[in-house]
Amino acid sequence: PDRRKAEQSFPFTKAKQASLILPAFGAAIIAALAQIVIPIGAVPITLQTFAVGLVAAILKPREATLAATLYLILGAIGLPVFAGGGGGLQSFFGPSAGYLLAYPFFAFITSKLTHAETPIWKIFVAFVLGDAIVFVGGILSLHFLGKMGWSAAVAVGLTPFIIPDLLKGLIVALVTKPVLKALKNHSYFN
């Protein structure tokens with residue numbers, strides 16, 4: 001009886017608790033996968049976009065956006081969470097800053113377009129649309145902060161990533177369905 005009374009007086013439901021915890025968990029996933037880096041030039045291939053897309057496809061828009069924003073805040077205060085262990089405010093003033101700053105928008109759009117019943121192909125399209133925003137941000141920062149011409153910014157900041165990011169999107173789409181199926185009994189994911 002006392003336990004039931006204590007549970008009833010606790011202001012947070014399990015879904016509310018999840019909505020508070022999941023952004024931190026999502027930020028941790030992004031930070032961990034960002035450490036996988038394949039250096040190919042001015043902008044390396046990382047699993048940051050894969051992680052942002054996966055977190056976005058699984059979480060609701062609010063929590064997905066908060067996860068990406070928290071990830072940026074952690075990096076801004078100097079924690080080594082960005083690609084290859086980078087961090088600090090200087091990351092937001094370099095040639096690749098636009099990629100980072102676009103992550104919350106990527107997360108919001110991809111999450112807004114996906115849910116448990118979304119078919120795999122629509123999850124893939126949602127990833128591609130969100131990822132396109134990251135590339136727009138990246139090309140803009142390469143042009144303005146990296147002092148590259150538009151064609152050079154596209155050549156360096158987009159072209160080498162088209163195939164890898166399409167593959168990331170496909171994997172996100174294939175992984176999301178079983179993850180959401182496994183989580184369907186939790187009140188947050190209903």
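Counting begins at 1 with the first residue of the sequence. Worth knowing before you read on, the calculation uses all heavy atoms, side chains too, and leaves out hydrogens, waters and symmetry mates.
Taken to the nearest 0.5 Å, the OG1 atom of T118 stands 8.5 Å off from the CG atom of L180. Taking CG of L47 as the reference point, atom OG1 of T49 lies at 7.5 Å (rounded to 0.5 Å). Atom OH of residue Y103 and atom OG1 of residue T110 lie 12.0 Å apart, to the nearest 0.5 angstrom. Taken to the nearest 0.5 Å, the CG atom of L22 stands 5.0 Å off from the CZ atom of F189.
Between G85 and P80, the shortest heavy-atom distance links the atoms O-CB, 3.1 Å. Closest approach of H143 to A153, counting heavy atoms only: N-CB, 4.2 Å. Scanning all heavy atoms of the two residues, the minimum distance from G94 to L145 falls at O-CD1, 3.3 Å. Residues I30 and A51 share a closest heavy-atom pair of CA-CB, 3.6 Å. Closest heavy-atom contact between V156 and F161: O-CE1, 3.4 Å. When all heavy atoms of P164 and I45 are compared, the pair lying nearest together is CG-CD1, 3.7 Å.
Under the rule for a side chain to side chain donor-acceptor pair (under 3.5 Å), the partners of T46 that lie at least two apart in sequence or sit in another chain are Q48. Evaluation of the ring pair (Phe, Tyr, Trp, His ring centres under 6.0 Å) rule for F25 yields no partner, not counting sequence neighbours. Partners of F82 by ring pair (Phe, Tyr, Trp, His ring centres under 6.0 Å), not counting sequence neighbours, listed by chain and number: Y71, F92. In this view, I162 and L158, L166 satisfy the side-chain contact (heavy atoms from CB on, under 4.5 Å) rule, not counting sequence neighbours. Residues that satisfy the ring pair (Phe, Tyr, Trp, His ring centres under 6.0 Å) test with F105, not counting sequence neighbours, are absent from this structure.
V55 and V179 fall within the same hydrophobic cluster, where Ile, Leu, Val, Met, Phe, Trp and Tyr residues are linked whenever their side-chain heavy atoms come under 4.5 Å apart, directly or through other members. In terms of hydrophobic clustering, with Ile, Leu, Val, Met, Phe, Trp and Tyr side chains grouped at heavy-atom distances under 4.5 Å, F144 and L101 are assigned to a common cluster. Hydrophobic clustering, with ILVMFWY side chains joined whenever heavy atoms are under 4.5 angstrom apart, groups F106 together with I171. No single ILVMFWY cluster, assembled from side-chain heavy atoms under 4.5 Å apart, contains both L100 and V37.
The salt bridge (charged side-chain N to carboxylate O under 4.0 Å, His left out) contacts involving residues 144-171 comprise D165-K168, where partners must be two or more places apart or lie in separate chains. Residue pairs meeting the side-chain hydrogen bond (donor to acceptor under 3.5 Å, both in side chains) criterion with at least one partner in residues 131-141, sequence neighbours excluded, are absent.
Under the 4.5 Å side-chain criterion, counting only non-hydrogen atoms from C-beta, T176 is not in contact with T114. Looking only at side-chain heavy atoms (C-beta outward), T159 and V154 come within less than 4.5 Å of each other.
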Can you give me every donor-acceptor pair (side chain of residues 60-67, partner residue at least two apart or in another chain, under 3.5 Å) with its distance?
unit_1, atom_1, unit_2, atom_2, d
K60, NZ, Y188, O, 2.8
E63, OE1, Y188, OH, 2.9
T65, OG1, P61, O, 2.8

Quick one: side chains of residues 120-127, donor-acceptor pairs under 3.5 Å with protein atoms, not counting sequence neighbours, listed by atom name and distance.
none

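With respect to V136, the side chain to side chain contact (heavy atoms under 4.5 Å, CB included) criterion is satisfied by exactly one of L140, I139, I133: L140.
Hydrophobic cluster of L167: the remaining members, joined at side-chain heavy-atom separations below 4.5 Å, are I163, listed by chain and number.
Listed for the Q35 side chain is a donor-acceptor partner under 3.5 Å among the backbone atoms of V81.
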